[in-house]
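First listed ligand is number 1; within each ligand, the first listed atom is number 1.
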Amino acid sequence: MDKILVHGGHPLSGSIKVSGSKNSSLPILAATLLTKEPCIVHGVPDLSDTHYMLQILTHLGAQVERASGTVSVTAEKTHSVAPYDVVRKMRASVCVLGPSLGRCKEATVALPGGCVIGDRPIDLHLRGFEALGAAVRVEGGDIKVFAPKLSGAVINMQSKFGPTVLGTDNVMMAAALAEGVTVIEGAAQEPEVVDLATFLNKMGAKIEGAGTRRIIIEGVAALHGAEHRVIPDRIEAGTFLVAGAIAGKGVTVKRVEPEHVRTTTDALASCGYHIDIGDHEISIFPNGAASALELTTAPYPGFPTDMQAQMCALLSISKGTSSVTENVFPQRYMHVAELKRMGAQVQLEGATAVIDGVDCLLGAPVMASDLRASAALVLAGLKADGITEVSRVYHIDRGYEHLDEKLSELGAHIERAKAA
Ligand code: EPU
């Protein structure tokens, strides 16, 4: 298994371009199953998760071609069974359920297994399919959904931790080909949901209200091919901004939608960083010692859970005592034990991390546990004394396009040790 070695203490400067969004690409690629006609998606990042998604589409019968960031998918014929060995590598595989059900009126997808960031149920996705008229069964580890026809309904997608992103996506995709009107109440408002709705509308769907708590979908008989460029990855953008905060002399993140990262730029400004926001780029500059912060994650437009680990790394070396409360995935703190190995002072109190900033972290061998936790360890290593050796780097490769190369472009001393 590859490792990343970060030699701390080398300041970052210059500019970096953000890749296309992982969490937009995955459901948008799944949505290509809704039509027989060719679809072209630009800006798909080169990640193991997007490769897994293309493998699943191929398994389901689609013709897939990939040239750099452009992916063409033609699902002229498709079947609806995605077995465990195809889907187990990625929880987001669950988002083929909605389009398969919409197109084939049945779908069988292996139930995703456990997840290190906490229990990740899909009860709301299934409740949504049932409301559209589908029967749902779990058999031999597979979820089977089937319906002679799908009919529009009013569906609430709100869990006790907030709305569900992929659940909203799944129901929106199935409802696009249902008879009649579907209203999703308590819909997720994430920019990736809006991006999917934009793509579906280009395919001929009739969807209004994406980006608000109520999405209205008027079902159509068929969808056609479409071409689309996915939005920039707001979490990658946020991660580079935090890298600039931790170790930068002045870093500009380009190809970013500033509104999508507003809570991150607000948080960094509250810590004392100087932030310049342009049309599609954001620069961050140090401004004396960074100060402590109280941060709470929440569904969009709140502060993203996917940026929580990176902020913990930053607050570990900020002045004073910070508190970070995780409201979306309350157990998502696998990075804390590893940051402590680097000298961070963090106490977990339920879903809250209380962080006493230290003057400096020390490089250490640490283990990546999930995508964002791994990124946080790399960021911490940028400022730590000595070498931070991050193992299980495949977690990073799931969701960051060439993170080590991009950070090197900014001046980080970072190398990848290939597995023997
Ligand atoms: N939930 C339920 N029931 C459901 C679905 C969700 O109770 O049926 C709960 C979850 O347990 C969680 C909350 O609702 O507490 C929100 O989960 P959500 O369903 O929104 O998560 P997701 O759609 O599975 C996406 C992203 C995650 C991101 C979350 C929250 C993709 C592929 N994944 O997951 O991204 O953390 O939304 O914003 O879009 C990542 O990129 O590192 C990542 C984990």
Side-chain angles (χ1 to χ4, degrees), residues 19-31 44-45 47-50 52-53 56 87 89-98 111-131 136 143 155-173 184 186-196 230-231 233-239 260 263-264 297-310 326-332 334-335 351 368-376 395-401 403:
S19 302
S21 161
K22 165 180 85 85
N23 289 347
S24 269
S25 297
L26 297 173
I28 284 174
L29 290 171
V44 176
L47 306 170
S48 37
D49 271 12
T50 55
Y52 294 145
M53 180 53 80
I56 295 169
V87 304
K89 295 175 190 148
M90 184 178 67
R91 287 192 58 83
S93 324
V94 74
C95 68
V96 300
L97 266 174
L111 197 57
C115 179
V116 76
I117 70 176
D119 185 24
R120 294 182 70 182
I122 57 162
D123 54 309
L124 292 169
H125 305 226
L126 303 181
R127 217 168 68 194
F129 297 143
E130 281 175 337
V136 175
I143 306 162
I155 301 167
N156 195 314
M157 298 305 288
Q158 178 85 21
S159 81
K160 65 178 175 183
F161 299 112
T164 158
V165 176
L166 290 178
T168 302
D169 290 346
N170 248 335
V171 170
M172 199 161 67
M173 290 189 275
I184 303 180
Q189 294 172 270
E190 270 66 3
E192 295 77 16
V193 174
V194 178
D195 205 22
L196 173 64
V230 298
I231 57 172
D233 195 306
R234 65 191 166 100
I235 305 301
E236 188 198 6
T239 302
H260 294 173
T263 48
T264 301
T297 68
Y300 194 86
F303 187 88
T305 171
D306 292 341
M307 283 301 302
Q308 179 259 110
Q310 302 88 317
E326 175 53 73
N327 279 333
V328 180
F329 294 111
Q331 299 163 41
R332 192 177 197 176
M334 297 297 283
H335 43 286
S369 55
D370 79 78
L371 173 56
R372 309 303 172 187
S374 327
H395 287 294
I396 294 182
D397 296 335
R398 292 188 52 186
Y400 286 96
E401 192 174 51
L403 181 70

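Atoms of ligand 1 lying under 4.0 Å from any heavy atom of T305, numbered from 1 in the order shown and given with element: 30 (C), 36 (O), 38 (O). Here is the list of ligand 1 atoms found below 4.0 Å of a heavy atom in V328: 12 (C), 15 (O), 16 (C). Distances below 4.0 Å separate heavy atoms of L124 from the following atoms of ligand 1: 3 (N), 4 (C), 8 (O). Heavy-atom proximity to L371, at under 4.0 Å, picks out these atoms of ligand 1: 42 (O). Within the listing of ligand 1, atoms 8 (O) sit less than 4.0 angstrom from a heavy atom of H125. Listed by atom number, the atoms of ligand 1 under 4.0 Å from I122 heavy atoms are 4 (C), 8 (O). When each atom of ligand 1 is checked for a heavy atom of A92 under 4.0 Å away, the hits are 32 (C).
Although no hydrogens or angles enter the test, the distance criterion places a donor-acceptor pair under 3.5 Å between the side chain of T50 and the main chain of P45. At least one donor-acceptor pair under 3.5 Å links the side chain of S48 to the backbone N or O of D397. With hydrogens and angles ignored, the 3.5 Å screen pairs a side-chain donor or acceptor of E326 with a backbone N or O of F329. D169 contributes no side-chain N or O that, together with a main-chain N or O of P27, makes up a donor-acceptor pair within less than 3.5 Å. The closest donor-acceptor contact from the side chain of D49 to the backbone of M90 lies at 3.5 Å or more, if one exists at all.
Ion pairing between K22 and E236 fails under the 4.0 Å rule for side-chain N and carboxylate O. Salt-bridge check for D306 with R332: passed, with a basic side-chain N closer than 4.0 Å to an acidic carboxylate O.
In terms of N/O distances under 3.5 Å, ligand 1 is approached by D306. Any N or O atom pair closer than 3.5 Å counts here, and G162 shares no such pair with ligand 1.
Between the choices G167, S93, P121, P27, the shortest heavy-atom distance to atom 5 (C) of ligand 1 belongs to P121. Summarising the contacts of atom 42 (O) of ligand 1 with R127, R372, H395, R398, the nearest heavy atom is found in R372. Residue S159 holds the heavy atom nearest to atom 14 (O) of ligand 1 of all those in S159, A188, G399, P163. Among Y400, F329, F161, the residue whose heavy atom lies closest to atom 17 (O) of ligand 1 is F329.
Atom OG in S21 sits 5.0 Å away from atom CD1 in I231 (nearest 0.5 Å). Taking OG of S374 as the reference point, atom NE2 of H395 lies at 6.0 Å (rounded to 0.5 Å).
Proximity of M157 to ligand 1 is not established, as no heavy-atom distance is less than 4.0 Å. Heavy-atom separations between K22 and ligand 1 include at least one value shorter than 4.0 Å.
Between H335 and Q308, the closest heavy-atom pair is NE2-OE1, 2.9 Å.
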